[in-house]
Amino acid sequence: MTPDTLTGGFATPPTDSARAFRAILDALARPGTIRTVDGAEPPAPLSSAAGAVALTLLDGTTPVHLAGDHDTQDLRDWLTFHTGAPLVAAAEAAFAFGTWDALLPLDRFAIGTPEYPDRAATLVIEMPNLHPEGATLRGPGIKGSAYLSLPATAPFIANRSLFPLGFDAFLTCGNRIAGLPRSTIVRDA
Amino acid sequence: MYVAVKGGERAIDNAHAFLAEERRGDPAIAVLTVPQIREQLRLAVNRVMAEGSLYDPDLAALAIKQARGDLIEAVFLIRAYRTTLPRHGFSSPVETAQMHMTRRISATFKDAPGGQILGPTFDYTHRLLDFRLAADGDVPPAPTAPATQGPVPHITGFLNRDGLIETADRDDTPPPDLTREPIELPADRALRLQAITRGDEGFILSLAYSTQRGYGRTHAFVGELRIGMVEVEMDIPELGFAICIGEVELTECETVNQFKGSKTEPPQFTRGYGLTFGQTERKAIAMSLVDRALRWKELGEDFTGAPAQDEEFVLMHADNVQATGFLEHIKLPHYVDFQSELELIRKLRAEAAAASQKEAAE
Amino acid sequence: MTDQSYNFAYLDEQTKRMIRRAILKGIAVPGYQVPFASREMPMPYGWGTGGVQVTAACLTPEDRLKVIDQGADDTTNAVSIRKFFQRTAGVATTEATAEATLIQTRHRIPEHPLTEDQILVYQVPIPEPLRFLEPRETETRKMHSLEEYGLMHVKLYEDIARHGSIATSYAYPVKVEGRYVMDPSPIPKFDNPKLGDCPALQLFGAGREQRIYALPPHTQVVSLDFDDHPFQATKAPHDCDLCGASESYLDEVIVDDAGNRMFVCSDTDFCRSRREAGHAGRLTMQEAAE
């Protein structure tokens, strides 16, 4: 445990997490929009937006998977101290954090069951950049169509074909976040 | 001119003030204290603790006072208080064999190691109003006997030795917590027992009674009923061992049920189990009958359609805080829905009248 | 002023996290009922505990909250819930639909069109649209998973056979994005067309039944019907006697012992703002003439 473990959480958890949640909620409810979310300062390589997702949504009941370079001792310690979330393999994870390449292959993650489609993983994909351009998005939350710089389209098209099963995703970059629920219909730009 | 027939903030405030005044009653009469309720209405306190799922006699007594003696309202107050309490940890399973018993009876054996203790029971009182209680009066002290030393084994254990009763192996799987996870059906026995122990006493009593009258009959005998204090222990990881954090009074009932065997099980006695906070033996006995009735599937018995066998029916309707809330919510205004029903009925009646007129004309 | 003896918006942080996760899954699968571990609230089950928990999980200190019951801001339960959040979250409140950022409602959708910047939280008594056809949760859950909604269509069609039209006037079932049949809570079917393609986020909370579900903005919502019996949103065939509105949902009020009636907007904010803008109905004009 390093001194950094104890810092970087929300300064005022009830109101900071409330504001963070509204940004996260808005991002997922309106795919293609990019929100900023502040207040978390996690150890690298976790972005502050992904850190805010962790602080807002994780606790002892949410198994977490750290993929690839995100699986560091510093980050493990930080998550454990601030959220109490157990660290697990991809298949058991309710939440997973990592870069796109590290999260692949995506079929490792839970997609829910026909009776409980909510029991699916949420992927937090750390992006080098994030823009409202690129792949075309349609579906719930979108008036007409929207655009988002996705790391790839085929896996999201495949995920949509499983609906109402499937994983849900957030894309994070610095303090910015976008949501991509399984309901979104993705097409190449 | 239209005046709002709707209540406002002032109406609510005034209603609360009126309620407080009614709660106090005639100011010429001494005010009832919380310790008086705790000591002298102890069975009411026990019921509120059992159904409120919170062991705190003082708070339960306060809730009874605040609720003007309405026990379901008191249970609700305790539940609403309990739900915001932080969880610091979990206790180890209590050892009821170590109970300091004030009452212990068995209907299946005339005597057993540890003996029968009648304890503070209404059982053999004649239900004649005691007018001496209407006057103040001190009670002469009751005779005492030395407490039994050491653990007193459960009576079903003796049957178990001979293989006459189903085995109940120790299972250390952490039970689900229905106050922290939504109920998922089918439920396991731990979840069912949890739902029944905090379920409404009247509902559980009636279900148990229905099994005795043939709706899912289970032929129950009270193998053992014991009431007393048990220690609650908690593992402290920093210490590396468990320490006693307090004592709670519990009622435990184990029924022995006749069982002729099924496709999967040989003929043997089977068990029903009840465990409740405080001296609440009607509830504990009823609980063990309903528990046994709900076990039809694992014992390979037939589902006869009896309400007490129907897990979803029992679990979804046992909670009196849920039931009261939903029942009483029909007092809330529904005039928007009612208006749309009015329009619909008018339309359907007009159509029906037009149709019959047309028929008459033809 | 916030009551310091409670956490912001009453619920503890762990409870809020659990509810927030359920809301997000509800958004991801529009119309699907997500189970959540509803807590005992300081108001009774059936009185909006689901809506209150969803609101508590969504509120920020910057929000401006509006609470309505039957369309009105001044009904007792609306007043009680609004006071609860004033006390525990210290949020600003309003009666004006256009000024609110979060609206908790029981049984109505406001007349004033909602916007991108708003969340509408519904209080839901029975979230399961199939419940009155099949009382068992184990069965209805299976029916949703198999998309087996024939029973619902049979029920609606039996209505038509018997009455000539569908005899459901509120809590009228809808199909969301062509997948889940959903109960829109006991709103009058007059409000059903506002559910679809709504710019605001709509969240539904059922406390006693432990379910949360959602309609993201601009979600496709279709009221169930048949080609030869299309869905019709109906209201009393009158204008509001106070503001003269012809397109708002009306309450029928008995005004004297002779049983005379008046019809007034159920949405009190809508009616007041129309009157303030100079609109008048039958009774307002009568009064002005006297």
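Letters A, B, ... are given to chains in the order of the sequence lines, protein chains preceding strands, and every chain is numbered from 1.
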- residues 339-352 of chain B: residues contacting chain C (heavy atom under 4.5 Å, by number): B:Gln339, B:Ser340, B:Glu341, B:Leu342, B:Glu343, B:Leu344, B:Arg346, B:Lys347, B:Leu348, B:Glu351
- Could you tell me the separation between the CZ atom of C:Arg39 and the CZ atom of B:Arg82, rounded to the nearest 0.5 Å? 10.0 Å
- Rounded to the nearest 0.5 Å, how far apart are OG1 of C:Thr138 and CG of B:Leu185? 6.5 Å
- Query: What residue, out of C:Thr49, C:Thr168, C:Asn77, C:Asp12, has the most heavy-atom pairs lying under 4.5 Å from chain B?
  - Reply: C:Asn77
- Heavy-atom pair count under 4.5 Å with chain B, highest-scoring of C:Tyr45, C:Phe36, C:Phe190: C:Tyr45
- Roughly how far, to the nearest 0.5 Å, is CG of B:Asp337 from CD1 of C:Ile187? 10.0 Å
- Considering non-hydrogen atoms only, spot the tightest contact between B:Val336 and C:Tyr249 and give its length. O-OH, 2.9 Å
- Smallest heavy-atom separation, B:Ala80 atom then C:Pro42 atom, equals CB-CA, 4.2 Å
- Query: Is there side-chain contact between B:Lys331 and C:Trp47, with at least one heavy-atom pair below 4.5 Å?
  - Reply: yes
- C:Ala280: what forms a side-chain contact (heavy atoms from CB on, under 4.5 Å) with it, not counting sequence neighbours? C:Thr284, C:Met285
- Of C:His163, C:Gln210, C:Lys83, C:Glu252, the largest count of non-hydrogen pairs under 4.5 angstrom with chain B goes to C:Glu252
- Message: Working to the nearest 0.5 angstrom, can you tell me the gap between C:Met41 CE and B:Thr83 OG1?
- Response: 8.0 Å
- Message: Does any part of the side chain of B:Pro333, heavy atoms only, come nearer than 4.5 Å to the side chain of C:Asp69, both counted from C-beta?
- Response: yes
- Query: Among C:Ser38, C:Pro188, C:Gly207, C:Gly48, which residue forms the greatest number of heavy-atom pairs with chain B at distances under 4.5 Å?
  - Reply: C:Pro188
- Message: My understanding is that only residues two or more places apart in sequence, or in another chain, count here; which of them pass ring pair (Phe, Tyr, Trp, His ring centres under 6.0 Å) with B:Phe326?
- Response: B:His329
- Note on the structure: Whatever's closer than 4.5 Å to a heavy atom in chain B on C:Met18 counts as neither
- Message: I'd like to know which of C:Gly71, C:Ala171, C:Pro125 tops the heavy-atom pair count under 4.5 Å against chain B.
- Response: C:Pro125
- Query: Under 4.5 Å between any side-chain heavy atoms of C:Arg141 and B:Glu184, yes or no?
  - Reply: no
- Within a strict 4.5 Å, meaning less than it, do heavy atoms of the C:Gln70 and B:Leu332 side chains meet? no
- Query: Does the pair C:Glu40/B:Arg198 count as a salt bridge with the N-to-O cut at 4.0 Å?
  - Reply: yes
- Taking only heavy atoms into account, what residues of residues 293-320 of chain B are found under 4.5 Å from chain C? B:Asp310, B:Glu312
